[in-house]
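Have a look at the structure below before the remarks.
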Amino acid sequence: MVKLITNGTIYTLENEKEKVQSVVVNDGKIIDQGSYQDMKLQYGAKIDEIIDLQGKTAIPGLTDSHMHLSGVASQFMELNLTGVRSKDEMLTMIKEKAQTVKPGEWLVGRGWDEHLFADGKIPTMAELDHVAPHCPLFLTRICSHAFLVNRKAFEVCCVHSFSEVPHGGKIVLDPTTNEPTGLILETASQLFTKHIPKKSYEQLKEALRQAIKYCMKCGLTSIHTNDPLYLGGIEQTYRLFAELIHEEGLGLRCNLLIDYPFLPILKEKKITTGYGDSKLQIGAIKMFADGALGRRTALLSQPYEDESGHYGNAIHSQQELYEMIKEVRECSMPVAIHTIGDQALENVLNILDQLPSVHYRDRLIHVSILRQDLLKRLIHPNRVCDIQPRFIVSDFPWIMNRIGEKRVHYAYPFQKMLSLGVLCAGGSDAPIEPVNPLLGIHAAVTRRLIRETHEGYISSEKLSIEEAVRLFTIGGAYATNEEHVKGTVTRGKYADLTVFSHDLMELDDPDALLEANVEMTIIGGKIMYQSES
């Protein structure tokens, strides 16, 4: 079927601010582009359908290069604490939810962030027990590296202050009483999560269905998502996505990052990166090198400014990490490694430099804190930095206390990275940050929240709107070696477009980015979402 997408402004991103009036699509791919008159003259007799943009502005379909769709889906099933701005509000929400939970049933939620609280204080064990005395409680912080549990959870899971904790984790104890405070860090969460009943297949499927539709409502045409640990393993994860994407035709292009513990299954089934089709593919092997800045578990080369002598935590020893990456290499697969601190990144690069590259690019996820020497080592055709611009406005200004005035100039140094030619892809890390890609674009351009009036945190690192848009278009394509079929409006590429109410490239005030609405999300030349307005 030949379609004509027309009557709007379509930015190709092939060249700076290059635009066309119309795009011709056949079998889901772009076969031509140009003025309406030329396209109508050449293809008029063959056109089966016209998609009218009604004067709106289209850009290449947006890609979120790093998210956890299962986490987004959980927001449709569990207590959502995202954006809560005080401890009292958080406790009230827990209490209200607890009233709907039967005795002994788990109350699970996520999204709390004490940095949004005026006093920065998190609920105590006693406060959690008071609002949810009858049910075990497990609340994941916005970063997914810290958790809150109540006394009932400790009892149900037979966990004590002296329980043996998996390497890299910690049960935080009160320094006076030596009793648990309710705060759990990193891998210590496994002591509790293994006792939480799993959601049924149909519950997971319905939540994922809603999450996929929400992503397309936000203008996303592709996502790279990491979910097997939360969706019952790699086989069930692939089955869920295949049923929704293929059988139900939901359309969102999904690249599945696979956690390292599932590598043996891939090897057994002789499945490797790229397995699948244009809508659903197996991606890189995901692993962790360190933790997060919020709880000072990101691994730094110099001590934290606000905790003398503390450098953070390596999730694995250097030898263990080497063996893991080597095993992935022996399968001719790329790695996608969580590296927030500069020392974690250095450790990973030292290993990658010893091993041969493979066809697909390796991904360095987050790369929040850098150094000049590390920037130069990232300039590599087979390495992509998976960055989350929205982290800027979540982490500033408190990040200054963590790393100090000197190092903060290398916190999310996006302009330095792009200027040097480092390949970068933009993502949200949803549900840690909101799915809406315009929030990430706005953060990259302004480096501040919309309600803030300053010039931006480390304003020299601000990007232009087009540079930020490229992170979420061609950048996302580079991350999966799909730049030949995605990322720009080009003949031979997928007909994936995101249509906005505003012309993003011509905005005088970058805050107006957040006033733009998604009018259509077009995937393979098919409208998968359309605004009702």
Side-chain angles (χ1 to χ4, degrees), residues 64-84 90 106-116 122 137-149 153 165-172 182-194 196 198-199 207 211 223-231 237 256-261 286-299 312-316 336-341 344 363 365-368 386-388 390-391 394-395 398-399 427-435 440:
D64 188 316
S65 68
H66 185 70
M67 68 153 56
H68 306 269
L69 193 70
S70 54
V72 177
S74 73
Q75 295 179 330
F76 294 97
M77 296 185 291
E78 300 169 352
L79 178 61
N80 184 3
L81 297 168
T82 306
V84 172
M90 179 176 171
W106 282 86
L107 194 167
V108 179
R110 68 167 302 120
W112 59 272
D113 181 0
E114 76 279 13
H115 293 301
L116 298 179
I122 61 175
L137 188 68
F138 187 85
L139 305 174
T140 303
R141 191 182 183 276
I142 190 74
C143 65
S144 294
H145 292 270
F147 314 85
L148 283 172
V149 296
V165 176
H167 177 72
K170 182 180 182 180
I171 296 173
V172 178
L183 181 63
I184 305 299
L185 302 181
E186 303 292 353
T187 55
S189 62
Q190 297 170 15
L191 300 173
F192 299 88
T193 54
K194 64 184 180 182
I196 300 175
K198 306 301 181 186
K199 296 288 191 296
I223 64 169
H224 309 160
T225 180
N226 175 217
D227 302 294
L229 288 173
Y230 307 99
L231 293 180
T237 297
L256 308 182
L257 275 66
I258 307 300
D259 305 277
Y260 173 77
K286 169 74 182 295
M287 56 185 74
F288 287 81
D290 67 345
L293 289 164
R295 285 289 151 191
R296 303 177 186 83
T297 54
L299 186 63
N313 303 96
I315 300 299
H316 307 281
I337 307 184
H338 170 115
T339 56
I340 285 184
R363 304 163 68 132
I365 300 173
H366 307 316
V367 290
S368 302
D386 239 330
I387 60 177
Q388 290 68 47
R390 181 72 181 178
F391 281 8
S394 294
D395 291 0
W398 60 261
I399 192 175
S428 64
D429 205 9
I432 292 174
E433 297 293 340
V435 171

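Count residues from 1 along the sequence.
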Hey, which of K170, H145, E186 is the one that makes side chain to side chain donor-acceptor pair (under 3.5 Å) with T297? E186
Gap separating the [atom1] atom of [X] from the [atom2] atom of [Y], nearest 0.5 angstrom:
| X | Y | atom1 | atom2 | value |
| --- | --- | --- | --- | --- |
| R110 | S74 | CZ | OG | 5.5 Å |
| N313 | L299 | CG | CG | 7.5 Å |
| L256 | I258 | CG | CD1 | 5.5 Å |
| S368 | D395 | OG | CG | 6.5 Å |
| T339 | I315 | OG1 | CD1 | 12.0 Å |
| M67 | N226 | CE | CG | 12.0 Å |

Any side-chain heavy-atom pair from [X] and [Y] closer than 4.5 angstrom?
| X | Y | value |
| --- | --- | --- |
| L191 | I171 | yes |
| K199 | M77 | yes |
| I184 | F138 | no |
| H167 | T187 | no |
| H338 | K286 | yes |
| E114 | R141 | yes |
| L183 | L148 | yes |
| P434 | R390 | yes |

Considering all heavy atoms, the nearest S428-F391 contact: O-CE1, 4.2 Å
What heavy-atom pair brings A207 and F76 nearest, and what distance separates the two atoms? O-CD1, 4.2 Å
Given 3.5 Å as the limit, does a donor-acceptor pair link the side chain of [X] with the main chain of [Y], or not?
| X | Y | value |
| --- | --- | --- |
| D290 | I340 | yes |
| D113 | H115 | yes |
| W112 | L139 | yes |

For residues D429 and H68, is any side-chain donor paired with an opposing acceptor at under 3.5 Å? yes
Verify whether one side chain among D386 and S65 offers a donor that lies under 3.5 Å from an acceptor in the other. yes
For H66 and H366, take the angle between the two ring planes, folded into 0 to 90°, and tell me which bin it lands in: parallel under 30, tilted 30 to 60, perpendicular over 60. perpendicular
Heavy-atom neighbours of Y230 OH exceed 12 at 6.0 Å: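 12 or below, so no.
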Between C143 and R295, does a side-chain contact (heavy atoms from CB on, under 4.5 Å) hold up when you go through it step by step? CA-CA 9 Å; C143 65; R295 285 289 151 191; 5.5 Å; no
T82, L81, V84 screened by side-chain contact (heavy atoms from CB on, under 4.5 Å) with I142, the one that passes: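 The option that passes is T82.
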